[in-house]
Amino acid sequence: MISPEFMQALLATTLASSAAMAVVLLLRGAVRRRLGASAAYLLWLAVPVAWGAVLLPAPRVAVLPMTAISAAMPVATRAVVQGTLMLPWVSVLGGIWLAGALLTMAWLLRQQHRFVRGLGTLRRRDDGLWQARGAAGLPAVVGLWRPRIVLPADFERRYTARERQLVLLHEQVHLRRGDIVVNALLAAMQCLYWFNPLLPLASRRCREDQEFSCDERVIARSGGARRSYGTAMLKTGLALSPLPVGCHWQDQHPLKERIAMLKRPVPGKRQWFAMVLLAAALSAGLGCAAWAAQPARMETAVADAAYYSVKLQLDVDGEARGFEMRGQAGTPFAFSMETAAGRRWEGEFEVRPLDADKVALSGTLREGGQIVATPALVVMIGRAASIQVGTKDGGSLFRMEAVVADSGAQARPAQDVPAPALQARAGVEPADAPASTVGFAEMSPPRYPPSMHTGEVVLKVEVAADGTAAGIVVDRSSGHADLDEAAMEAAREWKFVPAYKDGKAVAGKVRVPVRFAMDETTTTTEGGAS
């Protein structure tokens, strides 16, 4: 299954690489006239730089944890008002993309196979080169893992001694520069981004600049010989089929323009310095722009944003549990539930308003650490909506009923999280409550230890009838003693809503997962997390 994260990365890299390709296409002609063909070829370095920049961590992260205020939702059967499940566009688009990528790959492999088959049986020469039975498209550099120069059957008859020297130098320049790797990357981009209409044009122009640059290097190293080199170009046979992974004299290359380029002077040291500086500046500039243009991984909730109360009733393989969380719109909240059979389900959701009566409840469900589903529901305010998800092996079934209530735009005091934005998140898992479930009344996050370790501590808290923590033990350690101690220290100050039985407060127990995670930027929290 194609994940939403992959589709988002595919879209982001498409936009970044397309912008870089458009800039290079606009500049390459002027740069080639002023600084030479090699300078135009170097400009294409900006495309992979911009592509990789958007895969780096976003420039800022602003994740505000929600406050768990109560878990008093009784576990009981109730009528379910059907929610509207959004169409799984991610799966549909992912399937279309995968089909296109496979078809494009098959098409390129067919071209590669047709070219190689046209060479016939290769014979190794005494000089270490290889000679084919055919002549179309040769000489060429063929093979990605073990690239080799392949010569036509009539190589000695077709070219003079000087022309043979120049033709071999041309292929050796391709080999030494690693141009065959560049062409392989272009072929891979054609498979990944087959839907991008700008890519075929950019790919052709990049390979043209590659040949122009190679011609320029040959003339520079041969001390001139422009006439002999031009004659060798005219004698070289054009290929019957393109060679996606390789370097050869393709019929797409503008031969007339290549011969005209031979009349231009070879770039000197100043031009080489200018072209390297220009390529580095363009690549760095486009890379920084692509990186900075990314949205933060989570939007910061504004101070006057609406608050929502979310009541969740979970049922995993017949075991039921209830939660209630409250926080600002757009702020993620998390929960986890582990069954007696060892099945552990985790969810992270957020609520976003659609209109006065409806909200979107979307997020990710994991079982055993693996993403099982990314549900998206349209929920009517105050009415229940439900989803049901099963694992692929059919061994576990997860049901969730959600009721979202509008709590209005409530101002909450905030406190700064010490730099570098170390954040502890806690959730509540009821355990052994006699009647109604224990919940939180006041909850402040733990102080992050100086070690900057990350991990999750699960505390088991005995809650007295007056709401105080009567006993705290580590039910599951994070593996770091300082995190365990920090979580226990914070839990001693927490105030709980006690469980009730027959209208009276009674003692109860809760399990509290406390997650210590490190973000890239300083944010503010609301005093608690779930």
Side-chain angles (χ1 to χ4, degrees), residues 6-59 93 96-97 100-101 103-105 107-108 177-179 181-216 242 244-245 247 250 252-254 257-258 261 264 267 271 274-296:
F6 176 83
M7 296 301 293
Q8 290 174 357
L10 189 69
L11 176 60
T13 51
T14 299
L15 296 175
S17 59
S18 296
M21 286 187 285
V23 172
V24 175
L25 287 170
L26 289 173
L27 295 178
R28 58 184 288 270
V31 170
R32 191 174 65 198
R33 288 190 295 270
R34 292 181 176 274
L35 298 177
S38 297
Y41 185 41
L42 275 175
L43 291 181
W44 292 102
L45 180 63
V47 176
V49 171
W51 181 90
V54 296
L55 298 179
L56 296 175
L93 293 177
I96 294 173
W97 169 85
L103 287 174
T104 305
M105 183 185 299
W107 175 60
L108 293 176
R177 292 195 315 191
D179 288 341
V181 177
V182 174
N183 294 341
L185 292 175
L186 288 174
M189 288 189 67
Q190 284 181 273
C191 295
L192 287 173
Y193 304 100
W194 57 267
F195 53 87
N196 187 349
L198 189 61
L199 183 58
L201 173 63
S203 181
R204 287 196 301 270
R205 296 295 180 261
C206 180
R207 294 193 69 154
E208 287 175 10
D209 290 337
Q210 183 184 97
E211 291 298 327
F212 292 149
S213 173
C214 193
D215 296 341
E216 186 179 77
V245 182
C247 303
Q250 298 186 56
Q252 290 98 330
H253 289 154
E257 189 175 357
R258 287 180 65 184
M261 286 286 295
R264 297 184 58 83
Q271 287 175 302
M275 74 172 69
V276 171
L277 188 64
L278 175 62
L282 182 66
S283 300
L286 289 176
C288 290
W291 176 77
Q294 302 180 75

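A pairwise comparison of heavy atoms in L35 and M275 identifies O-CE, 3.5 Å as the closest pair. Residue G287 comes nearest to V49 through the heavy atom pair CA-CG1, 4.0 Å, listed as atom of the first residue, atom of the second, then distance. The nearest pair of heavy atoms linking A50 to A290 is O-CB, 3.9 Å. When all heavy atoms of A46 and L286 are compared, the closest pair comes out as CB-CD1, 3.6 Å.
Applying the 6.0 Å contact sphere to CH2 of W44 captures more than 12 heavy atoms from other residues, nucleotides or ligands.
Listed for the W97 side chain is a donor-acceptor partner under 3.5 Å among the backbone atoms of L192. No donor-acceptor distance shorter than 3.5 angstrom exists from the side chain of S203 to the backbone of L199, with no hydrogens or angles considered.
Residues F195 and T14 form a side-chain contact, since some pair of their non-hydrogen atoms from C-beta on lies under 4.5 Å apart. With contacts defined as side-chain heavy-atom distances shorter than 4.5 Å, the pair Y41/E216 does not qualify. Using a 4.5 Å cut-off on side-chain heavy atoms (C-beta onward), S213 and R177 make contact. Side-chain atoms of L25 and L198, non-hydrogen and from C-beta on, do get closer than 4.5 Å to each other. Under the 4.5 Å side-chain criterion, counting only non-hydrogen atoms from C-beta, L43 is not in contact with D209. The closest side-chain heavy-atom distance from P48 to L185 is not below 4.5 Å.
Y193 and T13 form a side-chain donor-acceptor contact under 3.5 Å, judged by distance and modelled atom types alone.
E208 and R28 are joined by a salt bridge, as a carboxylate oxygen and a charged side-chain nitrogen come within less than 4.0 angstrom of each other.
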